[in-house]
Each structure stands twice: as C-alpha cells, then as structure tokens.
Amino acid sequence: MDDQNLKNGNDANAISKEAAEEKMVDDAFLHLLDTYQASRHRKKIDIITKAFNFARQAHKGVRRLSGEPYIMHPIAVAQIACEEMGLGSTSICSALLHDVVEDTDYTVEDIENIFGSKIAQIVDGLTKISGGIFGEHASAQAENFKKLLLMMSDDIRVILIKICDRLHNMRTLASQPPNKQYKIAGETLYIYAPLANRLGLNKIKTELEDLSFKYEHPEEYASIEKKLASTQASRDTLFNLFTTPIRKALDDMGIKYEIKARVKSPYSIWNKMQNKHVSFEEIYDILAVRIIYTPKVRSEEINECFQIYVAINKIYKSHPDRLRDWINHPKANGYQALHVTLMSKQGKWIEVQIRSDRMDEVAEQGFAAHWKYKEGDNEIIDDDSELNNWLSTIKEILDDPQPDAMDFLDTIKLSLFASEIFVFTPKGEIKTMPTGSTALDFAFSIHTYLGSHCIGAKVNHKLVPVSHKLQSGDQVEVLTSKSQTVQPTWVNFVSTAKAKGKIQSILRRASRDIQKKGEDILKQWLDDNSMEMTSTIVNKLCDLHEAEKPDDLLQKIGERTIILGEKDLEELKEKPRKKDIYNGWRRFVPFLGTENKLKEKALFIVGKGFNKKKPVIISEDTIDTYLFPECCHPIPGDDVLGYIDNKNRIEIHKRECKVAAKLKSGYGNRILDAKWDMHGKMFFDATIEIRGIDRKGMLYDVSEVLSKKLDLNIHKITISSEEGIFDGSIELRVHNRDEMKTIMNKLKKVDGLKEIQQIM
C-alpha cells in the first residue's frame, strides 16, 4: 500500500512539474505576442502562433543544459528580435524555427511548404552557419563566420537573428562547463560584439562585451561592479548638480527633451584600465550625460541640435579637442549625435551626447530603425548606402578563392572595429575612411587597379609615400605607374579590409605558382631518396627550416631560399630524441631562472581518453609539462586557459591574450579550462615600467621600496631622465600576481612617481 502511495505521489509530482513547465512556456509566448502587438509592425499573429506551435512540437521532450524545455530558447531569441531589435513577423517566425532543421527531422522544404520561401530561406541560412558539419575541425568558427557574411548579402535578417541567438546563449552561459564558456565568450568578443557594433546595435554590443568579460574574468568583473555600486551616490549627486542649469535652459527654449545618465560599462572600464594602465579611480569619463530631444519640426532637427549645443556652451566651458560631430557626418553604422565635453562646476570633465529621438532609436536598434516594409511580402528594403558598401567590400574578399580562415577573420575585423575620418578626392567628393588609413588604402578604396599600381600620392598638393597616414579633411590625389606591382610589405601598413584583402589576393595568386614549383621540387627530391610526401615529413621539414606552415615551406623551396640536401635527409631518417623535444620548447618558458630547480620532463600529450571538461591544473609538479608561448607570459594569479596545439600539446595563455582571442574564436573545440595550484616556491620574470617627475634621490627611494621594504631581488633596473621627467623599467622575479599588485601599490606611494604599469 505504501509503495502504491509513493508511486501515486511521484506521478502527481511529475504531472505538476509538467503543468508548471507548460505554463512557463505559454507565458513566455504570450509575452512575445504582447510585445509584438505593441510594436509598429503589421499584425500577423496567426503565422507567429503557427510557427510557435510547430517549433514546440518539433522540440518536444528536449531540454537545454540548464534543465528547462528547449522551446524556451527559440522563444527568447524571438523576444530579443522583436523587443530589442524591432524586427517583424518574418524575423520572429524565423527565430522561433531557427533550430528546427538542425536539431529535428524536419527539412528546409518542410518549412517552405508550411511557412513560405522567405522564412525558409532565413532558417536555411541560420542552419548552414550553425557549425554542425565541421565537428572537431580546426577554424570551424572562422569558416562559419565566412558563411554568415555570405548569408548577409541574401538577407541581413540571418545575421540579426544569429546575434539574437548568441545574446541569449551568453545570457544563459552559466550552465556550460568553463572550457565552453571561454570558447563562447572569446568568440563573442572577437566576432559578434564588433559585428553588432558595425550594425549599430550599441546596446546589444555592450551587453555581449560585458557578459564575455564576466565569464572570462569573473573577479575583475565583480570588483568593477562593486566599485560602480559604491560610487553610485556620488555620481547621482554630480549628475543632478550638472544637469539642473541645463534643464532650465532647455525649458526656457521650449524644447521637449529628456536627460539620461550614461554610465560606462564594466568591460569598457576594464578595457581602458588595461590599455591606459590606470586604476578605476583614475578613469574620469565613467559618467556621461545624454540629451534626447524631440524636434518641433522634423526637417529642422539638425539645427535644433546645434541650438542646444550653443545653449549649454553658455553654461559650461567646452573642451576644444573633444567636439565630435556625428550629426553632419554619421558613423558607418548610421549613428548620429553631437558629442561635446564640458567642464562641470565640480572641476570634472563630463561628456554630453545630444541627439534627437530618431537618432536615439537608430543608436539603440541600429539599422533596424531605418527599415521600411513593402505592402506584400514583408521584404526588407535597406536604404543605407554605408551598410551596402561594407557588404560589397566583404563580398569582394569572399570572392577570392579560399583564403586562410583565420587571416580572413583578421581582415574582416579591420572593417568591424574601424572608427572614421573624412577625406576628399581631387574633385571635392567626400569619402569616409577608417582612422589610420593610408594613401594606399584610399587608392584601393577607389579601384583595385589604382591601388595595385600606386607609387605615391599628393595630399593637400604635397607629395607623400604610399604609407602616409591620412587625417580628416585631407584632399588626396593618387599617383600611379604601369610598372608598379603589389609589394609584400604593403600588407604591414594598410589598415582597411578592402586593401588588405586585395593585396593578399594578388600576392596569393603570385605565390601559388611558386608554391607549385616548390611542391614539384620537394616531390622529386623525396622520390630520388625513396620517400613519400606525407604530412609527418612536411611538418618535420617545417620545423627544421622554421617555416610556420607547409605553404611557407613550399614557397621557400620554390624561391630557392631553401635547398634540400644531406642534412635534411639525416634529420628525416633520425628518430626524435627526448632531449630534442625538451630543448625545442624550453625557450618558451618564462620562469626558468636560477632560483627554479626544474627537472627535465616530457611534455604532456593529450590522448584519446582526455576529458576536455576538466580543468588543467598547473602546479610545481606539472608546470614544465605545458608550453608557455612568448605572447603573454602568464604568472600564478592570472586568469588563464589551455589550448591543445596541432601536436596535441597544451599551451597556457592569459585569457585576455590577443593570440588566445584568435584561438577561442577559430579553434574553440581545443580550448580548456586551466587553474593554478602553486605554493610560492617558484619565481617568474616580470617587468614594471615607471614614469614621473625627476628629483634627487628618486632611484634610491624606488630601490629602497623594492630591496628593503619588500626584500625583492632586482634583476635589472634602467632609468633615464630628460627635461625633469624620468622613464624607467625594473626587471624582477615574483611568485604570483598578488605579489605584483603589492609591489605596484608600494611604488605608487613614492613621491613624484606618477605612472606605473606592468609589461606583459
């Protein structure tokens, strides 16, 4: 009887849990419908409900890692598309159905038969970039990204829904294991955040950055959040004091407006702390003020913006070098506003952003705020020429046959991140170029022929080389010669995606012939010596001749800079010795000083049964079995991750390392969590740079802090002084990151020492 009661109780619990989940799903969908009905789109409730019911049935019984029903994810993606991007019924339906083809037995044809060709086309695009077909292959994400951009030219809603999908995945990232968190967060920061920024989705870009930062550097994120909370009251006081006279002036002018406080995001603060080597307290622009006005006459909104600017300039003095006119010259992503930095009565510089309600909508929702819909098929008409220009540039790069996936990613990122300058043609036409563009970038932006035959330029009627960096307002005339050809060194100084892509494409075409020649020479040499051309042999030859990849080796053989001979033959036939393996990686280890007694150990090799979900533990016993590349020099206390290289060895990188950023986005399936378990027995090399006001006894005071107060062994110290300002670097050995913080905090107390930073 008791067993029967227990069974009945369990059944009742299961039924109540199922009912609760059904209600949760229904409520989420009703919220989506309510949001859609409150929007300005034509109401197509029936097709959205049909898509929801179809997706619900297709995903029935499937759960996410968090434990909730899978259908909650498509609903959340559709909610973001509707509420945060302002998209319509076609996008909402596509978002609800975006995983159906990939995860169930339904096909694109099924979707087309039930929902029509447009929704099917978008779902097909989203399925193709999901990455399932790549499995464990290298650069899967980079290849995915190429597909993503190809889809954009068909229908940009594909990429917008993909960004919505990524945003929801980031919001629910806590349920993933750490190695997946680093992969997804790194990929988000490397690809999706700049992509959202390029499409004008500022709010989403900021959230993606903050969430990535939160998972990659949880302690720093929590620290900044805590400091922002503790300084909230003082910011509120400053905001109220600063805006009171502005409100009065705008009221007197009869302007309809609202004033908002804009607080710098945690990721943006941390980024500035890293790049400028300053503390949280030293960042002056955490608070900014946003004035959003509704123009009395829509056609006069630009004039009204400058009237507000003149009015507030009478109240506060403006910084002459910090006026940014994005009103007359909108950013490439459509952003318009007037930015002015004013000196408050409290002695602090405060940036004020002035923009109309329309400009504010564009700033928050990006290009989505521009879109118009046809009366028949809900087709998007994009009337923004800058986006079309950007897409056409990317299509040109994609048209080049099979560039290396990671090189491609880097090239595209030049376009994603660029801020702009304005330059003029000889006829006075204005062209928008990324900041840092050279005369050669300008030449390629006009035509590939001009770029590939460019020998120089006249900037403001003055002769300059092709590498000359342009400034806003420059007038540029390109000079060409038929005898000029593309030079390999050009890649090093151009800064636009188009120029870099074209140069690499032309160089690749030229090098293919040389590589083919090199391949023929190598095959013949191997045949003559009774060997076959295998990947093992090619990799050994790459190591012997310090070629990064096989293509480089073939290039050098084809150019005759490498002549294969007896020495190569001996090395290929000789078995590798343990000592060779050790010496091959020892130079990468940043902690092999006289204080460290390391035994010679073989490197750890990842085998078949290796569990990627478990963290790699770095201890005194294991540290010399991992690789420490020269790019970032992590020390105990740094946030680190592991990466399985092409030879199944494990590299250790700082999570914010630029090399690691590429690895996370291109080779995410090889990323591992890594944790320190060190006990202060080993020393690590560290360099501190110092700068300040020179005075008598400065060097003595610095060395006294390090030697006497902290009892440190200074490895090397260099100081130079010029016109009362000194610069110096101190090389020392420390146990961990906390010790570095203590040293830097002590040095900050030295009189006259103004800037202290650790060099990676």
Side-chain angles (χ1 to χ4, degrees), residues 197 202 206 228 231 234-250 252-253 255 257-265 267-293 301-331 333 335-356 359-360 363 417-423 432 434-436 469-474 691 693 725 754-755:
N197 181 54
N202 184 58
T206 302
L228 280 173
T231 54
S234 61
R235 275 198 309 277
D236 289 345
T237 303
L238 178 61
F239 175 76
N240 291 331
L241 290 170
F242 181 76
T243 57
T244 298
I246 294 176
R247 289 178 194 277
K248 185 179 184 310
L250 297 182
D252 291 345
M253 292 166 71
I255 291 171
Y257 69 91
E258 63 173 320
I259 298 182
K260 295 178 179 177
R262 190 232 62 182
V263 179
K264 214 173 185 66
S265 69
Y267 173 76
S268 186
I269 291 169
W270 179 77
N271 218 20
K272 194 159 191 175
M273 287 166 66
Q274 301 303 305
N275 294 335
K276 302 282 187 185
H277 303 287
V278 293
S279 66
F280 177 91
E281 290 71 25
E282 291 171 288
I283 297 176
Y284 72 89
D285 59 347
I286 288 177
L287 174 71
V289 170
R290 191 168 287 158
I291 300 172
I292 302 161
Y293 66 95
E301 70 176 345
I302 291 178
N303 288 339
E304 207 160 312
C305 182
F306 280 96
Q307 286 167 14
I308 293 170
Y309 166 68
V310 170
I312 62 175
N313 243 318
K314 290 176 182 175
I315 304 167
Y316 299 110
K317 294 291 181 194
S318 61
H319 194 298
D321 299 328
R322 292 193 193 147
L323 176 65
R324 299 286 179 267
D325 179 7
W326 303 115
I327 295 283
N328 291 309
H329 305 291
K331 288 188 179 183
N333 61 16
Y335 178 83
Q336 276 185 293
L338 191 62
H339 291 197
V340 57
T341 302
L342 303 171
M343 175 57 78
S344 69
K345 298 287 194 286
Q346 290 71 37
K348 292 185 184 294
W349 288 109
I350 295 178
E351 184 182 74
V352 178
Q353 302 166 358
I354 311 167
R355 58 202 201 196
S356 70
M359 296 171 196
D360 187 59
F417 275 130
S419 52
E420 295 109 357
I421 58 171
F422 306 99
V423 293
T432 304
T435 301
K469 283 196 176 181
L470 303 174
Q471 305 292 324
S472 249
D474 281 349
R691 181 178 168 86
I693 310 299
I725 303 293
K754 300 296 183 186
E755 296 175 16

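Sequential numbering from 1 along the given sequence is applied to the chain's residues. Computed from a prediction, not measured in an experiment: that's the story for all the values here.
Put simply, the side chain of I286 reaches to within 4.5 Å of the side chain of R235, judged on heavy atoms. The shortest side-chain heavy-atom distance between W349 and S344 does not fall under the 4.5 Å cut-off. Between V289 and I350, some side-chain heavy-atom pair lies under the 4.5 Å cut-off. A heavy-atom distance below 4.5 Å is not found between the side chains of L342 and K317. Contact check for Q353 versus L338: no side-chain heavy atoms found under the 4.5 Å cut-off. Side-chain contact between Y309 and L323: present, with at least one pair of heavy atoms (C-beta onward) separated by less than 4.5 Å. Under the 4.5 Å side-chain criterion, counting only non-hydrogen atoms from C-beta, Y284 is not in contact with K348. Residues Y267 and T206 fail the side-chain proximity criterion, which asks for heavy atoms closer than 4.5 Å.
Annotation: the span from S268 atom OG to D285 atom CG amounts to 7.5 Å, rounded to 0.5 Å. Rounding to the nearest 0.5 angstrom, the gap separating the CG atom in L238 from the OG1 atom in T231 is 11.0 Å. Once rounded to the nearest 0.5 Å, the distance linking NZ of K260 with CZ of F239 reads 10.5 Å. In this structure, the separation between CD1 on I255 and CD1 on I308 is 4.0 Å, given to the nearest 0.5 Å. Here the CD atom belonging to E351 is positioned 9.0 Å from the CZ atom belonging to R322, to the nearest 0.5 angstrom. Distance check: K248 NZ to M253 CE gives 12.5 Å after rounding to the nearest 0.5 Å.
Between K264 and I269, the shortest heavy-atom contact is O-CD1, 3.6 Å. Nearest heavy-atom pair, E282 versus S279, reported as atom, atom and distance to 0.1 Å: OE1-N, 2.7 Å. Closest of all the heavy-atom pairs between I315 and A249 is CD1-CB, 3.9 Å. Between I302 and Y293 the shortest heavy-atom distance is N-OH, 4.4 Å. Listed here is the closest heavy atom pair of Q336 and I327: NE2-O, 2.9 Å.
Looking at residues two or more places apart in sequence or on another chain, you find a salt bridge (Lys or Arg N to Asp or Glu O under 4.0 Å) between E301 and R298, R358. For S318, the side chain to side chain donor-acceptor pair (under 3.5 Å) criterion is met by N313, not counting sequence neighbours. Residues satisfying the side-chain contact (heavy atoms from CB on, under 4.5 Å) criterion with E755, sequence neighbours excluded, are R691. Residues passing the salt bridge (Lys or Arg N to Asp or Glu O under 4.0 Å) test with K469: none are found, sequence neighbours excluded. For D360, the salt bridge (Lys or Arg N to Asp or Glu O under 4.0 Å) partners at least two apart in sequence or on another chain are R355. Residues passing the ring-ring contact (aromatic ring centres under 6.0 Å, His included) test with F242 are Y316, sequence neighbours excluded.
Of the possible donor and acceptor atoms, one in the side chain of D474 sits under 3.5 Å from a partner among the backbone N and O of Q471.
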